[in-house]
Amino acid sequence: MRPNARFNWMQVSWGAPDQIRTETCSYCDAPIDDESVPLIIWRADGWVGEFCEECQRQWWGMQSFRVVLAAHESEDEPEPQALPACMRHPGKLCPGECQYLLSAGECIHDAGPA
């Protein structure tokens, strides 16, 4: 992986190997918020550069996507899993082990209790 040809390595503000991570981009000094994932590059001697999303896009050709959580969701809670709707009987839900049809043309809802 290499940056754009116009990238200036001399402009990178490298962090020391034992230094606490920075809150600003090592290239453009823009703040790196807690929600973003910076591109982090280490040199062989342990010095580190962290790049904001804009520098990732402009200089490294990377693109990031933000996941928008619904009001009832949080990052700590697993995403609720809905039962799939029956393809043959609208409005009915199939249990997790159902594959919609037991065999060709036979729906689990037609089969009745097992």
Side-chain angles (χ1 to χ4, degrees):
M1 183 163 95
R2 296 189 189 280
N4 181 306
R6 297 175 308 159
F7 183 83
N8 181 358
W9 286 103
M10 298 302 291
Q11 187 174 327
V12 177
S13 176
W14 296 100
D18 296 326
Q19 184 178 354
I20 295 174
R21 287 192 51 203
T22 183
E23 294 180 359
T24 60
C25 178
S26 299
Y27 197 77
C28 72
D29 292 323
I32 298 175
D33 64 35
D34 292 338
E35 298 296 316
S36 28
V37 178
L39 169 63
I40 303 174
I41 297 177
W42 284 269
R43 297 188 333 195
D45 57 3
W47 289 74
V48 63
E50 296 187 45
F51 301 89
C52 69
E53 291 178 351
E54 178 58 27
C55 283
Q56 290 177 54
R57 185 194 64 72
Q58 181 177 357
W59 300 112
W60 297 88
M62 299 173 73
Q63 185 175 6
S64 61
F65 300 92
R66 298 216 181 228
V67 175
V68 178
L69 299 175
H72 70 279
E73 295 178 322
S74 77
E75 292 177 357
D76 298 328
E77 297 175 6
E79 183 176 327
Q81 298 294 318
L83 291 175
C86 179
M87 295 189 316
R88 189 159 168 195
H89 297 97
K92 290 194 176 185
L93 299 178
C94 294
E97 67 275 359
C98 174
Q99 296 297 312
Y100 304 114
L101 299 176
L102 295 176
S103 62
E106 184 183 353
C107 174
I108 194 163
H109 294 112
D110 292 336

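Values below: every heavy atom of this structure, side chains too, minus hydrogens, waters and symmetry copies.
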So CD of E50 and CH2 of W14: to nearest 0.5 Å the spacing works out to 11.0 Å
Who else is in M10's hydrophobic cluster (ILVMFWY, side-chain heavy atoms under 4.5 Å, direct or via others)?
none
With a 4.5 Å heavy-atom cut-off, do M1 and L39 have their side chains touching?
yes
Just wondering, are more than 12 heavy atoms of other shown residues or ligands nearer than 6.0 Å to CD in E23?
no
D18 CG to W47 CH2 distance, which is reported to the nearest 0.5 Å
10.0 Å
Given side chains that start at C-beta, do those of I40 and R21 come closer than 4.5 Å, heavy atoms only?
yes
Any chance you could lay out the side chain to side chain contact (heavy atoms under 4.5 Å, CB included) test for W60 and I41, step after step, and finish with the verdict?
CA-CA 12 Å; W60 297 88; I41 297 177; 3.3 Å; yes
Taking all heavy atoms of I32 and all of P38, pick out the closest pair and write down the distance.
CD1-CB, 4.1 Å
I need the R57 CZ to N4 CG distance, nearest 0.5 Å.
10.5 Å
If you measure from SG on C55 to CG on D29, what distance do you get to the nearest 0.5 Å?
9.0 Å
Between M62 and W9, is there shared hydrophobic-cluster membership here, with clusters defined by ILVMFWY side-chain heavy atoms closer than 4.5 Å?
yes
Which atom names give the shortest non-hydrogen contact between Y27 and N8, and what distance separates them?
OH-N, 3.0 Å
Rounded to the nearest 0.5 angstrom, the CD-CD distance for Q56 and Q63 is 11.0 Å
For the residue pair C28 and Q58, establish whether any side-chain heavy-atom pair is separated by less than 4.5 Å.
no
